[in-house]
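A short write-up of the structure that comes next.
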Amino acid sequence: MTSEHSRERPSLPAGQPCWRSLTPESVGDLTDRYEFGDACVREVNRRQTYGKGATSTASVVIELMRKQPEPEWVTLRLELSDVRDFRIIDVNTFSWVLLDDLHVVRDATGRLHLDLDNVARSDFRTPDQMAEESHLYFSAREVRWAELAAPRCASAPTTHGGPREAAEDYGRTIPPVGRSG
């Protein structure tokens, strides 16, 4: 017998993420499931190869709060393919804390524009605005996301409420909030 929860998210072997497409039409599913305000960017990678079959990819690893079924800190990975334009402004702080939901728009050519650090705090942004104003922006042909294994030290006790509070304390190693037990 399967529960409603198991029908929504099929169980996968350990280490096998369930990849989902991220588009303007599906971004609501992602922001309904995860809390991006107070999320923390842990890793940004960009890879460019040259020659025959050249590729340009990027990935972003974020620790954030999953809202349901029970709130807990998890690791989310975004993967971008055929990256053409990007903007990464190093914030040069202890951690890169996201304050708002991410934004995804599609331009007339079908390219996706992803803004992870909405500096202007506006609800609707054009690709040009994203490219000029965002601290973490990518233009890609395809974007997908998956929840990865629980963050490092997920069961370690914590005394802070989230990355925003943690960023205020520079010298401290901060384990993600996790369920004890």
Side-chain angles (χ1 to χ4, degrees), residues 5 8-9 12 14-46 57-80 86-105 112-123 125 130 134-138 140 142-170 172-181:
H5 180 67
E8 278 181 30
R9 299 180 69 191
L12 297 168
Q16 297 294 320
C18 180
W19 291 98
R20 295 174 176 88
S21 181
L22 180 59
T23 65
E25 297 78 25
S26 70
V27 71
D29 296 337
L30 184 66
T31 57
D32 286 348
R33 184 178 295 204
Y34 301 98
E35 179 61 51
F36 280 85
D38 232 11
C40 190
V41 174
R42 291 294 181 198
E43 185 177 313
V44 178
N45 291 298
R46 182 163 158 356
T57 61
S59 66
V60 180
V61 176
I62 304 169
E63 288 181 5
L64 71 173
M65 182 68 69
R66 182 177 52 212
K67 298 175 187 177
Q68 296 176 5
E70 293 180 27
E72 73 174 311
W73 288 97
V74 296
T75 301
L76 189 77
R77 182 181 183 99
L78 302 173
E79 288 191 351
L80 302 92
F86 63 95
R87 180 176 171 147
I88 302 170
I89 297 179
D90 189 354
V91 293
N92 200 22
T93 62
F94 171 73
S95 63
W96 197 329
V97 177
L98 302 179
L99 302 177
D100 294 308
D101 287 340
L102 55 86
H103 292 265
V104 180
V105 297
L112 297 170
H113 299 265
L114 174 66
D115 180 358
L116 285 158
D117 193 5
N118 184 359
V119 177
R121 309 285 186 262
S122 59
D123 289 334
R125 308 207 15 172
M130 289 177 172
S134 178
H135 286 171
L136 189 53
Y137 158 82
F138 297 93
E142 180 183 18
V143 182
R144 66 184 193 154
W145 65 273
E147 184 177 309
L148 304 179
R152 301 172 307 276
C153 306
S155 62
T158 184
T159 58
H160 62 82
R164 181 177 291 146
E165 291 84 359
E168 296 170 2
D169 186 334
Y170 257 81
R172 189 169 73 166
T173 301
I174 300 171
V177 176
R179 292 171 45 186
S180 60

Review point. Roughly how far, to the nearest 0.5 Å, is CZ of R66 from CD of E147?
Key: 4.0 Å
Point to revise | Side-chain heavy atoms of L98 within contact of L64, under 4.5 Å | key: no
Point to revise | Smallest separation among heavy atoms of D38 and W73, with atom names | key: O-CH2, 3.6 Å
**Study point:** Sequence-distant partners of T57, side chain to side chain contact (heavy atoms under 4.5 Å, CB included), two or more places apart
**Key:** R47
Check your understanding: Where do C18 and A146 come nearest, in terms of heavy atoms and distance?
Key -> O-CB, 3.6 Å
Review point. Ignoring hydrogens and geometry, is there a side-chain-to-backbone donor-acceptor pair from S134 to R87 under 3.5 Å?
Key: no
Check your understanding: F138 vs F86 aromatic rings, parallel, tilted or perpendicular, using cut-offs 30° and 60°?
Key -> parallel
Exercise for review: Identify, with sequence neighbours excluded, every residue that meets side chain to side chain contact (heavy atoms under 4.5 Å, CB included) alongside E43.
Suggested key: N45, V61
Check your understanding: Between atom CG of D101 and atom CG of D32, what is the distance when rounded to the nearest 0.5 Å?
Key -> 9.0 Å
Point to revise | Separation of W145 CH2 from L102 CG (nearest 0.5 Å) | key: 10.5 Å
**Study point:** Sequence-distant partners of S59, side chain to side chain donor-acceptor pair (under 3.5 Å), two or more places apart
**Key:** R77
Practice item. Identify the heavy atoms of S26 and S21 that sit nearest to each other, and give their distance. Key: OG-O, 3.0 Å
Revision key, fill the gap. Closest heavy-atom pair, L112 versus P24, reported as atoms and distance to 0.1 Å, is CD2-CD, 3.6 Å
Check your understanding: Closest heavy-atom contact between V104 and T23?
Key -> CG1-C, 3.9 Å
Review point. Who pairs with R144 by side chain to side chain donor-acceptor pair (under 3.5 Å), at least two apart in sequence or on another chain?
Key: E79
Study note, to complete from the structure: side chain to side chain contact (heavy atoms under 4.5 Å, CB included) with H135: of V41, I88, I89, L116, only one passes, and it is I89
Check your understanding: Measuring from I62:CD1 to L148:CG, what's the distance to the nearest 0.5 Å?
Key -> 10.5 Å
Point to revise | For E35, side chain to side chain contact (heavy atoms under 4.5 Å, CB included) partners two or more places apart | key: M65, K67
